[in-house]
Amino acid sequence: MMKRHCALDPNRRSLRTVTLPQLFFLFSTCCGLLASMPAAQAQSVQWADRIVAFSSQAGKNAYSARQALGPPNKLPGAGDCGCAWSPARVDTEWGADPNKPEYLKVGFAKPERARQILLAENYRPGSVRRVWIYDAANTELLVYERPDKAPPPPPARLHAIEMERSPFKVSAVKVELDPEAERSPPQLDAIGIADHNKAVSIEVPLAKNYPVFGYAADLGPALNSPYAELLPRFAPDGQTLYFDRKDHPENYGGFINDDIWFSQSDGAGGWQAAQRAPAPLNNAYHNYVCGVSTDGVLTLYGQYSAEGIPMPGLSQSFRFQNQWAFPMNLNVRELYNASPYAEYFISDDRHTLVMSIESLDSEGGKDLYISFSEDQINWSEPLNLGRQVNSGGNEMSPWLSPDGKTLLFSSDAHSGYGEQDIYVSTRSGAAWTDWSPPQNLGPRVNTPAWESHYVPDPSGHYGYFARAADELGNTDLYRIALREDLKEEAPPTEAIAEGYPFEGRFLLFGYVLDGSTGRSLNASLVFSLAEDSTRSVALESLNSQYKLRLDDNIDYVVVVQAEGYPALRTRLRIDDMGNTGVRRRDFKLYPAGYEPPQRGPMTLEPGETFRLRTLLFRVNSPVISRESFPELTRLAEALQANPGVRIQIEGHTNSNCNKRFCDRLSESRARSVAQFLLEKGIAKDRISWVGYGKDKPVADNDTEDGRRLNQRVDIRVE
């Protein structure tokens with residue numbers, strides 16, 4: 001990822017571009033911690049400390065103009081975050097009028113003659129069109145105009161605009177965004193000025209007193225499946241591990257829910273095959289374990305009722321005569337959560353409860369709160385843990401040490417490596433708001449992907465957490481050693497096979513599945529170059545993931561075989577591995593004589609608009625459920641058969657949530673459909689997408705059937 005300076009020469013009034021050294025990190029040999037470039041910290045930057053003016057803002061807390069004050073929150077990580085300023089999306093054609101651009105103007109405490117302007121672009125960079133500087137008398141000088149043919153920017157960047165020393169002391173900077181750059185707004189994490197033109201980089205604050213060792217290891221097929229696993233919770237003796245499994249076909253109530261699963265220790269440091277917990281712990285709604293007490297009581301997400309109607313909150317169950325009792329509901333005073341998601345952690349003695357919710361006093365998205373037990377049924381009103389750990393983004397999945405001094409959690413709004421990272425903070429005083437600045441657990445835990453739900457096992461040997469396993473948002477459980485003598489070596493399945501002739505810069509992984517049942521299979525796979533079949537490598541799936549490093553933009557032939565199944569021979573080409581350099585591909589084998597159900601071809605008539613009726617998503621999420629893939633595949637096949645057709649993917653929601661959430665959710669879902677089609681080989685210029693939120697209902701939102709009809713994705717054929 002190359003950072004660039006773009007400067008306006010005041011004499012020639014033309015743009016010149018010079019290259020900035022890339023921010024990079026080195027692994028230490030002893031414990032894998034990162035060391036950053038030593039010159040980076042030495043260069044001082046003054047970050048904006050006040051808002052002068054702005055055109056609009058997407059929220060009063062998260063995405064507000066004030067989120068751009070101070071140093072960068074998200075960088076060097078990339079991604080959407082409430083910790084940055086985002087203009088309001090007025091309608092679905094945001095900023096379509098070029099005469100009304102979006103802008104943000106900020107001020108600085110100590111005006112100085114600047115030699116560079118620094119813009120922290122964490123999401124959809126490249127949308128900055130113009131930048132002006134101002135003196136105390138509001139004298140204006142244009143110092144940057146985006147060139148007509150600027151190279152594509154990286155997923156996130158610290159955009160340094162270099163210039164000759166400003167003719168006056170800069171007291172304010174105004175940044176204008178290109179109104180035609182995106183259909184939804186980009187984001188600015190911070191704006192700074194510097195009196196030098198030396199390279200500036202953003203360091204990740206690394207955990208110094210919470211070391212990890214070796215490599216994070218995938219816990220394998222006993223615990224992980226082609227679906228999503230997260231939220232590990234241990235029984236106090238460490239012999240039972242509970243976790244949440246999403247959208248599994250064996251879950252109670254079908255695909256679209258979360259169920260409690262558990263595994264027993266195998267006595268040799270591993271885990272036996274996971275089992276689904278029985279009723280009444282699981283029902284047709286979302287269920288997961290928040291904690292297990294020393295006397296064996298399970299604290300559960302949600303409140304249970306005899307009618308089976310789900311309610312927010314918590315409940316507890318215990319074993320009686322070898323059965324789980326029907327859960328008893330808990331009472332947390334003044335518990336309010338505006339988010340569709342919540343995570344809870346309860347201490348082993350059931351006296352302390354830490355929660356991740358979006359309440360009335362939250363800084364932005366979900367914040368961390370603490371509550372205390374009065375009688376293990378009634379709990380105190382949640383107390384916000386304060387701005388040291390909470391931000392304009394989302395803090396989630398907390399774990400608190402038994403002494404109440406060490407807090408582990410994940411966030412998308414502290415400097416890190418990716419979408420969501422895991423951090424540690426310590427409490428030094430008596431106050432529950434007295435926390436140290438969060439420190440990142442480092443690159444052996446955190447990657448450019450999504451990591452969360454960290455919890456150490458009771459022995460203190462390993463830390464367990466969830467990591468995104470594919471681009472659809474499915475997560476797997478991993479563990480990493482907390483003692484050097486237990487550290488895992490680099491996973492051998494990720495190494496390049498001996499004699500393999502390719503460079504192997506990217507990681508491809510996935511499962512071999514029985515296409516009739518969805519279960520994973522023991523299978524062998526042979527990858528070979530399409531142009532030269534003698535250049536090949538063979539590997540086994542071992543009833544779990546296969547992993548292989550290869551190159552993108554190369555045609556491969558893959559032969560997949562499993563006992564009792566006809567062999568599959570297919571062609572594979574991976575285009576654009578993305579900024580994570582990881583891609584998932586599953587292969588399906590069908591039993592001999594089995595014929596998958598066939599449906600007729602999809603027709604695309606110019607001018608028509610139709611609904612994808614079997615398209616399903618996770619609740620309040622852009623993640624497409626697996627049972628929707630056949631219809632999306634039919635759409636891709638129809639586009640391939642009609643090369644002159646273009647489509648617009650239009651996302652819609654019902655009216656259950658606020659406008660900002662509905663707008664973002666509808667657009668994210670439409671974008672997920674577009675991404676699916678792009679991966680099927682449909683050209684980018686044939687697909688556009690837009691989110692209408694709740695603005696275009698087709699039915700009454702007062703009824704369940706009406707809301708179901710309004711929650712849809714339409715395809716408009718052009």
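Side chains of Ser666 and Thr653: no donor on one and acceptor on the other come within 3.5 Å. Asn61 and Glu363 share no donor-acceptor pair across their side chains, judged by distance under 3.5 Å alone. Donor-acceptor pairing under 3.5 Å is recorded for the side chains of Ser436 and Thr426. Donor-acceptor pairing under 3.5 Å is recorded for the side chains of Glu102 and Ser56. Under the 3.5 Å distance criterion, with hydrogens and angles disregarded, no donor-acceptor pair is assigned to the side chains of Gln116 and Asn197. A donor atom on one side chain and an acceptor atom on the other are found under 3.5 Å apart for Ser410 and Gln420.
Between Glu395 and Lys366 there is no salt bridge, since none of the side-chain N atoms of the basic residue sits less than 4.0 Å from a carboxylate O of the acidic one. Remark: Glu176 engages Arg129 in a salt bridge, criterion side-chain N to carboxylate O under 4.0 Å. A salt bridge is absent between Asp195 and Arg165; no separation between the charged side-chain nitrogens and carboxylate oxygens falls under 4.0 Å. Salt-bridge check for Glu140 with Lys174: failed, with every basic side-chain N at 4.0 Å or more from each acidic carboxylate O. With respect to the salt-bridge test (charged N to carboxylate O, under 4.0 angstrom), the residues Glu112 and Lys169 do not qualify.
Looking only at side-chain heavy atoms (C-beta outward), Asn440 and Asn446 come within less than 4.5 Å of each other. The closest side-chain heavy-atom distance from Tyr464 to Tyr478 is not below 4.5 Å.
With a 6.0 Å cutoff to the six-membered ring centre and a 45° limit on the axis angle, Arg66 does not count as a cation-pi contact of Trp85. Taking the centre and axis of the six-membered ring of Tyr134, the NZ or CZ atom of Lys105 falls inside the cone set by 45° and 6.0 Å.
Of all heavy-atom pairs between Trp399 and Phe345, the closest is CD1-CE1, 3.2 Å. The two residues Asn73 and Cys83 come nearest to each other via the heavy atoms ND2-O, 3.0 Å.
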Where do Arg427 and Asp434 land on the salt bridge (Lys or Arg N to Asp or Glu O under 4.0 Å) test, with the steps shown first? CA-CA 6 Å; Arg427 185 167 66 98; Asp434 187 14; over 6 Å; no

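Ring to ring, Trp432 and Phe372 are close: their centroids are under 6.0 angstrom apart.
Residue Phe465 forms a side-chain contact (heavy atoms from CB on, under 4.5 Å) with just one option from Leu477, Val455, Leu441, Ile480, and that option is Ile480.
One N or O on the side chain of Lys74 and one on the backbone of Gly418 form a donor-acceptor pair closer than 3.5 Å. Without hydrogens or angle criteria, Ser339 side chain to Tyr341 main chain gives a donor-acceptor distance under 3.5 Å.
Atom CG of Asn209 is surrounded by 12 or fewer heavy atoms from other residues, nucleotides or ligands within 6.0 Å. Under a cut-off of 6.0 angstrom, the local environment of CZ in Arg50 is crowded, with over 12 non-hydrogen atoms contributed by other residues, nucleotides or ligands.
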